Amino acid sequence: MLQVLYIFIPMLAAILVPLLYKRMKNIHTGWFVLAVPATLAVIYATYIAQVSKGEVFTAELPWIPSLDISIVSYLDGLSLLFSLLITGIGSLVVLYSIFYLDKHKEKLHNFYVYLLLFMSAMLGVVQSDHLISLYFFWELTSISSFLLIGYWYTRDASRFGALKSMMITVGGGLMMLGGFVLLYLMGGTYSIRELIAMAPNLVEHPLFTWSLILLLLGAFTKSAQFPFYIWLPDAMEAPTPVSAYLHSATMVKAGIYLVARFTPIFAASELWVWLVTGIGILTLFWGSFFAVKQTDLKGILAFSTVSQLGLIMSLLGASAVAFHSSESIDTIKFAAFAAIFHLINHATFKGSLFMIAGIVDHETGTRDIRKLGGLMSIMPISFTVAAIGSLSMAGLPPFNGFLSKEMFLTAMLALQKFEFFGFDTWGALFPIIAWIASIFTFIYSFYFVFKTFNGNYKPEQLPHKPHEAPIGMLISPILLAALVVTIFFIPNFIGNTFVKPAVQAIQPFLYDTPQAIDIHVEAWHGINPELLMTIGIVIIGVLLFVALPKWQGMYQRFPQAFTLNNAYDKIMQGLDTGLNRLSRLYMTGSMRHYLLYMFSGIAIIVIGSLFVKDAFSISFEETSPIKPYEIILILVLLIGTAITILAKSRLTAIIGLGAVGYTVALFFVIFNAPDLALTQLVIETISVALFLLAFYHLPKLGKREERMRFQLNRAVVSIAVGVMVTLIALSSHSQKLIPSISKYYEETVYSKAGGGNIVNVILVDYRGFDTLFEITVLGIAGMAILAMIKLRMNRKEKTHENK
């Protein structure tokens, strides 16, 4: 149970943030918030020793037991790694935000509430073993990221970016939910572990392919894969701490996690291998190619994130090949290892680069790379961190990105060796695309660091006089840069402690324990194709970077009309225009029209359902005879109703309405329901009195007579509603599809509810919440009326004082 509660600690802490912000204004709220991820990071670190040996920890918190829905925390190598990234990087981001966000200018209580909510959501995603709870946390990440991206909501770009990210990721999440439902229908369980255990039996199920596609749509939208990546660059309008957290280490990695977690279920499918590997490699190329086009520092990093996520995704797809042939295990077994290893590396170097981009913006007042340059001597520490992160991203030694990049090239070269799934033919494209994308990765890495810190200094184009950032803002990126270098020299410690347990969770059918994974990482493997490819990347990359001004202009030749962003904008504009036109057709402002729509819709649905389901029948068996005085009462009802509608005087209409109510009370008396009769009499008496009192103060009805034209559509709808009610009454009396609940009330009204009056017990106990809500509505209405009366009295008093 305690393990589950760890997930909700940030969410619970968020409740206290507004109070701390209000009461402790002299202290930056971030100092209080920092304790939350830091404490959780320490707690999760205590699991490392046991999980690295292959142990798993589970805990369950019942949520909706009647529907078999619960929150199950499952800590294995994969979920623990992500939990450590979420809390560890989260701690550094909060520390960075303390110095980045001004406590006097920013609404820090909003920022940290959103951040903590997102942290809980991400922990829930990576630890959930239950499909429904995973979906719940998944969508919670979309909502909280929407709030974080739109934190500066007064900016149009922030609102647009937040809405765009939510529209795409929530849409993908709904597709993913469909995949989860299909998985449940196939396996009969919501447990991911149980579904993995029965994976060989699920492959032949007719719903298998559909669930695969729907699940990948959720993963691709969240992890900004082609063509859904378009939300990520616009999300850069968020504050830099948000970008460093969401878009380097957490949210965009949720899709990566999803693919990794469900690989044991779907890896047997050829479609899974081709889609994950193919979309991943295409995203890698697309992101790296267009990163060089950007002029905004965070824009460059956004497209670089897209490309790096594609790299990791392609490795996960390649790792699925090992499930198909024992011969392929030795050749491709390191693909999953490389994917997880690069995921860690990417979090370190990309987190530091986002923070440096924020520092440059904070200290110079701009992120436009065309206005920057020559900052190396002014901001030497920032330059050093940026150089380390950029060179690691470019895949150069002695930085951790070099190791995982070499393993990536090896995996892509290995794909073309397999004869199944057509990899021996089309598989030849993977190393070629990977090599070209790596060249552009090299270019945008150098582009980011040297165009910012090298070259000519342009003080006249900078809004602020630049200087080195305060040490508090530099601590987090320095620590991440230190990890970039450290991991290069101790890769096998990281591999044995964090990577292998995660790989064993991804490939449970291949490895029984993490120790069974015999992969040893080395910086030097001799002269091999990967090294030659790296040398070619460096040579061509340097040449293209030096000649960048001569060919960068080609990006301007791409027609804006054919971009994915333009397609999204056109779709949204078309929906907005079309739906506005549709709403104007029925949103006329006339209550009569609205009632016409509602009643006609209800009548069509109910009458149609009765006939389609063959639920309509008439039976007059066991019916009581209609007595003469009942006919008289029915006539009184009809006359009273007609008077109420046709009366030209309000007093006459009220009398007619009262006659209807009192006649209904007489029916209750005849049908042996004295309690209902008394209630009806009381309500009717009060209603008539209130109507008389209210209408006394209203102006009299006009003398001018208005002749109402007969309208066929209204007559048809009125008759249809009457027929509907009659059919429902006759059908409910004539057939009993399920036993009446009245018998249950009779048997339990005294034994369980402790009452003798069945009507009172139903209202107070069996329908207690319904009655409570009715009372609440009346109470709210009463308070609103009282507020309006007081407001009117205050205005009168002010008017009198002014006179």
Side-chain angles (χ1 to χ4, degrees), residues 69 121-122 124-126 128-146 149 162-187 189-190 192 195-196 199 202-203 205-232 234-235 246 250-267 269-280 282-283 306 309-310 312-314 316-317 320 564-565 567-568 571-572 574-575:
I69 297 176
M122 275 302 304
V125 166
V126 301
S128 290
D129 181 62
H130 195 284
L131 292 176
I132 302 301
S133 62
L134 193 158
Y135 171 73
F136 166 75
F137 287 114
W138 183 277
E139 296 297 37
L140 192 58
T141 62
S142 296
I143 295 170
S144 52
S145 65
F146 166 81
I149 295 169
L163 180 61
K164 190 174 185 179
S165 69
M166 189 172 72
M167 290 291 291
I168 294 175
T169 57
V170 169
L174 288 173
M175 298 297 104
M176 183 191 73
L177 177 61
F180 286 172
V181 172
L182 295 181
L183 277 174
Y184 172 76
L185 294 176
M186 289 189 290
T189 178
Y190 288 114
I192 300 174
L195 288 169
I196 290 174
L202 300 178
V203 179
H205 198 283
L207 297 176
F208 183 82
T209 300
W210 288 107
S211 64
L212 181 155
I213 293 172
L214 291 173
L215 186 136
L216 284 181
L217 284 173
F220 289 165
T221 52
K222 187 73 83 172
S223 283
Q225 298 298 291
F226 184 91
F228 307 109
Y229 72 91
I230 56 175
W231 67 266
L232 186 58
D234 289 292
L246 272 64
T250 53
M251 178 181 170
V252 292
K253 301 289 177 62
I256 300 292
Y257 168 81
L258 192 74
V259 171
R261 178 59 78 192
F262 285 86
T263 289
I265 298 176
F266 294 106
S269 169
E270 175 184 354
L271 183 62
W272 175 272
V273 176
W274 271 105
L275 279 178
V276 177
T277 311
I279 295 296
L282 174 60
T283 304
V306 170
L309 292 172
I312 299 171
M313 193 70 76
S314 65
L316 288 174
L564 291 170
N565 269 309
Y568 171 85
I571 291 172
M572 295 303 294
L575 288 173

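All values reported here derive from a predicted model rather than from experimental measurement.
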Q: Are Leu140 and Val125 close enough, and set up right, to give a side chain to side chain contact (heavy atoms under 4.5 Å, CB included), and what steps lead you there?
A: CA-CA 9 Å; Leu140 192 58; Val125 166; over 6 Å; no

Q: Could you give me the CA-CA distance, side-chain angles and deciding distance for Met167 and Met572, then say whether side chain to side chain contact (heavy atoms under 4.5 Å, CB included) is met?
A: CA-CA 10 Å; Met167 290 291 291; Met572 295 303 294; 3.8 Å; yes

Q: Backbone N or O of Ser142 within a donor-acceptor pair of the Ser145 side chain at under 3.5 Å?
A: yes

Q: Rounded to the nearest 0.5 Å, how far does NZ of Lys253 lie from CG of Leu258?
A: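 Result: 15.0 Å between the selected atoms.
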
Q: Taking Thr141 for the side chain and Trp138 for the main chain, is one N or O donor matched with an acceptor at less than 3.5 Å?
A: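 Side chain of Thr141 to backbone of Trp138, a donor-acceptor pair under 3.5 Å: yes, one is there.
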
Q: Quick one: does Thr250's side chain get under 4.5 Å of Tyr257's, heavy atoms only?
A: no

Q: Minimum heavy-atom separation for Ala260 to Pro264, with atom names?
A: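 Of all heavy-atom pairs spanning Ala260 and Pro264, the closest is O-CD, 3.7 Å.
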
Q: Can you tell me how far CG of Leu183 sits from OG1 of Thr189, rounded to the nearest 0.5 angstrom?
A: 10.5 Å

Q: For Phe208 versus Leu202, what's the shortest heavy-atom pair and its separation?
A: CD1-O, 3.2 Å

Q: Mark yes or no for whether Thr283, through its side chain, and Phe226, through its backbone, hold a donor-acceptor pair below 3.5 Å.
A: yes

Q: First locate atom CG of Leu309, then atom NZ of Lys222, and finally report the distance between them rounded to the nearest 0.5 Å.
A: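 That separation rounds to 13.0 Å.
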
Q: Strictly under 6.0 Å, is that where the ring centroids of Phe220 and Phe228 end up?
A: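 Ring-ring flag for Phe220/Phe228: false, centres at least 6.0 Å apart.
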
Q: When you measure from the side chain of Ser223 to the backbone N and O of Ile256, does any donor-acceptor pair fall under 3.5 Å?
A: yes

Q: Find the distance between CG (Leu134) and CD1 (Ile192) and round it off to the nearest 0.5 Å.
A: 5.0 Å

Q: Working to the nearest 0.5 Å, report the span between CD1 of Ile132 and CG of Leu177.
A: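 Answer rounded to 0.5 Å: 6.0 Å.
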
Q: State whether the side chain of Tyr190 and the backbone N or O of His130 hold a donor-acceptor pair below 3.5 Å, judged by distance alone.
A: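 It does not hold such a pair.
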
Q: For Trp272, run the side chain to side chain contact (heavy atoms under 4.5 Å, CB included) check against Thr209, Leu316, Leu215, Ile213 and tell me which one passes.
A: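 It is Leu215; the other options fail the test.
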
Q: If I compare all heavy atoms of Ser165 with all of Ile149, which pair ends up nearest, and what's the gap?
A: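 Closest pair (atom of Ser165, atom of Ile149, distance): OG-CD1, 3.4 Å.
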
Q: How far apart are the C-alpha atoms of Met251 and Thr169, what are their side-chain angles, what is the distance that settles it, and do they pass the side chain to side chain contact (heavy atoms under 4.5 Å, CB included) test?
A: CA-CA 10 Å; Met251 178 181 170; Thr169 57; 4.0 Å; yes

Q: State whether a side-chain donor-acceptor pair under 3.5 Å links Gln225 with Tyr229.
A: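 Tyr229 and Gln225 do not have a side-chain donor-acceptor pair below 3.5 Å.
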
Q: Closest approach of Val126 and Arg261, non-hydrogen atoms and distance?
A: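 It is O-NH2, 4.3 Å.
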
Q: Which atom names give the shortest non-hydrogen contact between Ala267 and Val273, and what distance separates them?
A: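 Shortest heavy-atom separation between Ala267 and Val273 comes out as O-CG2, 3.9 Å.
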
Q: State, with a plain yes or no, whether a side-chain heavy atom of Met313 is found less than 4.5 Å away from one of Ile279.
A: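 No, side chains not in contact.
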
Q: Is it true that a side-chain atom of Trp231 and a backbone atom of Thr221 form a donor plus acceptor pair closer than 3.5 Å?
A: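 At least one qualifying donor-acceptor pair exists.
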
Q: If every non-hydrogen atom of Ala121 is compared with every non-hydrogen atom of Phe137, which pair is closest and at what distance?
A: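 Result for this residue pair: O-CB, 3.5 Å.
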
Q: Once rounded to the nearest 0.5 Å, what's the spacing between atom CE of Met176 and atom CZ of Phe262?
A: 8.0 Å

Q: For Val252 and Leu246, what are the C-alpha separation, side-chain angles and deciding distance, and is it a side chain to side chain contact (heavy atoms under 4.5 Å, CB included)?
A: CA-CA 7 Å; Val252 292; Leu246 272 64; over 6 Å; no

